[in-house]
Structure formats: structure tokens, C-alpha cells
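So the structure is just underneath, and the comments pick up after that.
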Amino acid sequence: MRLIDLHTHTTASDGSYTPAELVSMAADAGLSAIAITDHDTVAGNAEALEAGPPCGVEVVPGVEISVNHGGPSYHVLGYFIDYEHEPLLSSLESIRRFRDERNHKIVAKLNELGMSVTLTEIDAEARGESVGRPHVAAVLLRKGYVADTQEAFDKYLAKGKPAYIDRDRLSAADGIDLIRNAGGVAVFAHPGIYGWGEPGDLRRTVAEFAEMGIVGLEAYYSEHMPEDERSILALADEFGLVVTGGTDFHGTAKPEFELGRGTGNLAVPYELLEALKDRLGNRVEA
Ligand code: AMP
Ligand code: ZN
Ligand code: FE
Ligand code: FE
């Protein structure tokens, strides 16, 4: 069976391998296709697309955008975007400014808590342009304030912890439009990980996102339980959406997820990519 991984991060955001390294690792892992889905940046796509053909790996250009919807925030994946589209680039740049503002406030919180960290150190930890909490965690780790990345999130950086700062995000509708206007298709990322409160909340959110123009649900995902997969497959069927799958590979920044395999038994068939491509062809222009 030809296998793929449609959710990966590179050094352009918080992954630990460069786009070219990632493509070469995908070839070694026997994957037929991967998508590059860095947080709020498309800067890794050009290098990955160039590295693809010599390695025999099909590279799908992509992005992962954080959006707000009714309070909580969600991730939306964009595939087959034109990563040189000016409006996309300028919107992503403003989104990254929200990140920089947040990082500044996180540093202030950490300083208040008695830890000596600076924004310069955090920016230096990042190898690309999209700087986030994993880079803060790396500095805390390097300076001995925590024993590992997870402890940095659990003690300080996760939502509800003392150095957590929210940031501005696009609305879901604007995030989805951004992807569609850049020629791409939008997919609801890892719908199973959001800790849905009431039965029906997931279904309602899928219905709303479908109305806004998403074409698919990421059913196969490293942290999805079999029951998550089942309910997401049923919702895809109900709303006429395709399903996709990916690991959220970050390299050593998130060592528990292996490229193409997640925590061990993920196997995403190439046919899902073909179904996604069909949606690209059928896309109704706004
Ligand atoms: P940011 O983009 O700054 O909001 O950081 C998001 C990234 O941080 C995610 O893609 C994960 O890699 C990581 N992350 C978020 N929450 C946690 C958590 N509770 N534990 C470990 N890593 C996390
Ligand atoms: Zn990440
Ligand atoms: Fe995500
Ligand atoms: Fe991700």
C-alpha cells in the first residue's frame, strides 16, 4: 500500500528538521507523499517541493493556521495553496506579529515568576520565522528551569498555566477564506483533540466549518483514539467531506510522533490524497 503523511512541521515553524531533511526522511520511511503544514508560515514549502522529485516523494504545499471560533481556538490545514500568493503572505505575516506580541508577554510572565529568559533567546531558538511556545520551552529546558518540553507546558505554558498568554487569531471563516483564496482546500485539523464538552459540540462545529467551506476532516491522527476516528468518519460521511490523515511530525521537538507512523500504527493510504485532489478540482470559486 502506498502511504502518505499530510501533517508535518519543519524548521520554518517548530519542527526540528529542515524541509529538505524532512523530504529525505519521508523517502527513507517509504512514504509516497507528504504535506508541509507549518504553523502560520509557508516558508518551508519551496525547499520541500524542490527536494521532492529527486527523492521520489510527492510534496503537497500546505500550512496550518490557528483560528478562533466561538471562544475556543482550532487548527485548520490548507493544502495545495499557492504559497507565493501575496494576500496569503501578508495575512500570515500579521498572524506572526500576534505571535511576537504574545512571546513578549510570555517573557514578562516568566520573568515575574523569577526565570531569566529574554525574547532574543527565544527568537534565537527558532530557525524559521514562526516562533511559538515550543521555542520558549526549549529555552526553559536549556537553562535548566524544566527537565523536558512537556514539563515546560504542564507547569508554565499550557492554557491555564501561569505563563499562558492568549493571542489574536483569525476567525474560522477568515482562515478558511484565506486558504481558499490562495487556491487551496481547507481541512479541519485533528478534530478529536479539542476536549469537546457536550455530545453534539463536535458535530455542530463540523457543520459550521463545512458551511464555511472546509472540504475535509483529519480523521487519522497520532493522538486520535479509535472512537475519535469512528465519529469523525461518520461526520465526514454525513456532511459529504473527505477524510485526511497525518502525524503532526515535529522531529525531536515532539519525539513521540514518528513520521508517517504517529505513535506506531498510523497508516494513511495514498487514496485519501487523490480524494482530496478531487475536491480541488470541484472547488466552487467564491
Ligand atoms: P503555539 O503555536 O505557540 O501556540 O504552540 C503550539 C505548539 O506547541 C503545538 O503545535 C505543539 O507542538 C505544542 N504544544 C501545545 N500545547 C502543548 C502541550 N500541552 N504539551 C506539549 N506541547 C504542546
Ligand atoms: Zn507545532
Ligand atoms: Fe495542530
Ligand atoms: Fe500541527
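Start at 1 and go down the list; that is how both ligands and their atoms are numbered. Computation of the quantities below employed the complete heavy-atom set of this structure, encompassing side-chain atoms and omitting hydrogens, waters and symmetry-equivalent molecules. Worth saying up front: this structure is predicted, and the values here are computed from it rather than measured.
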Beyond-backbone contact of Val42 with Leu89, side-chain heavy atoms, under 4.5 angstrom: yes
The Zn ion (ligand 2) reached by His250 (N, O or S, under 2.8 Å): yes
Ring geometry between His190 and His7 (parallel below 30°, tilted from 30 to 60°, perpendicular above 60°): parallel
Under 2.8 Å: N/O/S of Asp14 next to the Zn ion (ligand 2): yes
Metal site the Fe ion (ligand 4), protein N/O/S atoms found under 2.8 Å: 4
Test: Lys161 and Asp154 ion pair at under 4.0 Å: no
Verdict with reasoning, Thr247 to Asp5, per side chain to side chain donor-acceptor pair (under 3.5 Å): CA-CA 6 Å; Thr247 58; Asp5 188 338; 2.6 Å; yes
Centroid separation Tyr17 to His9 less than 6.0 Å: no
Tyr194 and Phe188 aromatic ring geometry - parallel, tilted or perpendicular at 30°/60° bounds: parallel
Ring centre gap for Phe209 and Tyr74 strictly below 6.0 Å: yes
